[in-house]
Amino acid sequence: MNCTIYLLAVVNMPLYAKILIPAGILFVLGAIFAAVLSFLSKRFTVEQDPRVEEVNNLLSGANCGGCGYAGCAAFAIALVDGKADLGSCSATSKENKDKIAEVLGTVNCCEDFIYVVACNGGNSCSDKYTYQGYGDCRSMELLASGSKACPVGCMGMGSCVDACARHAAVVNNKTGHADIVQEKCVKCGLCAKACPKGLIVKIPSDAKVYVACKSHEKGKDVRAVCKGGCIACSICVKNCPHGAISIIDNLAVIDYSKCTGCSICAEKCPSKCIIKR
Amino acid sequence: MSTFFLIIIGSVFVNNFVLNQFLGICPFIGVSRKTETALGMGFAVIFVMAIASVFTYIVNQYILVPLGLDGFMQTIAFILIIAALVQSVEIIIKKFSPSLYSALGVYLPLITTNCAVLGVALLNITKAYVLWQAFFNGIFAGVGFTIAIVLLAGIREGMKRADIPENFKGFPITLIAAAIMSMAFGAFSGMFGL
């Protein structure tokens, strides 16, 4: 049998054969391996839910990790497995979440929202003591709940700024409290988790006004420490033409289902803690 | 029979692919963080090396040599064979052990370009082994690789608890450990005239 193969010996071949035979051998080898591989990939195919790919394409792709999973792809797998809740993603737009809910056959319960800082104090809130220490709200919080006289006031040390990878959380030197720059915010919620006072809150994205105070102290006590806090004077409640505002536990609360965004409350508020966006 | 033992000793200790011939360093450093993944990688390499030795031997002996093409066709033909083998190993591992698949990560397809695999195929030809010798040389070259990578993984796991200066942490101390291991294996060199 070897003789027949030796007859093919390339040594005495013309040039074109010297080139074509090696190329042909490689082609045949490649074809054989391709056939084997395609058989194997059919035989040992790993079933992946086609919805995973679909959901992954609809997610924002921000890979912010706000949902607690390692990136959007891992979140998509968890969503399809029913282990994760669509609400824990804050970066994906409402339309896409609706589409994902359609793919998964679930109902999208999630409102479209934005993050705002619910404190209007900052520099207009007085200090209990002068803080000299590590520049972080969480370490300041350990010292008698922070240097601000208000127990829920923004301390302006910028833990939210450190937490935000998009530079959307900023501490304004003029006002002395944190702000969220909406154009940069991807709504990952890391700042809200970082704030020891829980001052960074969600409001509906179409809300025109919000209450920038979280103090449930009596009006007199609030006035004593902070010029920008809610004193529960009820002026907003009386002036709201739609009855959307109520005072609950010494704090104005806006019912966004009734609010039309007329912003009369923001104009009338004496301490200017209802803020018009 | 003595050839058999000489092949074992030779490819596992004396001519250890990683520590004495410095082939396959990439996965040696890359996948040696945990002993389990190192062992998985080792077995994958043993498998690929053993099969690749046989296939490359057959292709070389019965196709390339008779046609007088073995001079310049060896490398490309062998790479083709190894690539196909690695791909099939990848498909099989993905099916049967997804955790091992994700632990090996990019290093599994990188076995394709692991010079240790190509090295064993070419050395089989250089040393003029016959088929069974090539097969066992492939297996035990893989075993040598596995021993080296598992030892390094063990050392690296131990080093996690050690108080290492900041600037030596991570890869620098790993490279130093690998160098010391390599020197230790250097004691085998020249043994049995291999």
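Below, chain A is the first sequence line, B the second, and so on; all start at residue 1.
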Please look at I25(A) and chain B and tell me whether the side chain, the backbone, both or neither of the residue comes under 4.5 angstrom of a heavy atom of that chain. side chain
L26(A) and A77(B): which non-hydrogen atoms are nearest, and at how many Å? CD2-CA, 4.2 Å
Would the number of heavy atoms belonging to other residues, nucleotides or ligands and lying under 6.0 Å from CZ of F188(B) be above 12? yes
Counting only heavy atoms from other residues, nucleotides and ligands, does the tally under 6.0 Å from CD of Q182(A) exceed 12? yes
Does any heavy atom of chain A fall under 4.5 Å from the side chain of L85(B), the backbone, both, or neither of them? neither
With rounding to the nearest 0.5 angstrom, report the OG to CD distance, S41(A) to E90(B). 11.5 Å
May I ask you to check whether over 12 heavy atoms, not counting those of E157(B), lie within 6.0 Å of atom CD? yes
Please determine whether side-chain contact (heavy atoms from CB on, under 4.5 Å) holds for the pair L40(A) and Q87(B), giving the CA-CA distance in whole Å, both sets of side-chain angles, and the decisive distance to 0.1 Å. CA-CA 10 Å; L40(A) 276 178; Q87(B) 202 60 48; over 6 Å; no
Would you indicate whether F55(B), at its atom CZ, is surrounded by more than 12 heavy atoms from other residues, nucleotides or ligands within a distance under 6.0 Å? no
Quick one: are S88(B) and L37(A) in side-chain contact, heavy atoms under 4.5 Å? yes
Within a radius of less than 6.0 Å around NZ of K160(B), do more than 12 heavy atoms belonging to other residues, nucleotides or ligands occur? yes
Quick check: are there more than 12 heavy atoms from other residues, nucleotides or ligands sitting under 6.0 Å from NZ of K128(A)? yes
Return the CZ to CD1 distance between R43(A) and I92(B), rounded to the nearest 0.5 Å. 10.0 Å
Mind checking whether F96(B) and F44(A) have parallel, tilted or perpendicular rings, split at 30° and 60°? perpendicular
Would you compute the distance between atom CG of L29(A) and atom CD1 of I76(B) and round it to the nearest 0.5 angstrom? 10.5 Å
Could you grab the distance from atom CZ of F33(A) to atom CG of L80(B), nearest 0.5 Å is fine? 5.5 Å
Residues, nucleotides or ligands: over 12 heavy atoms within 6.0 Å of K34(B) NZ: no
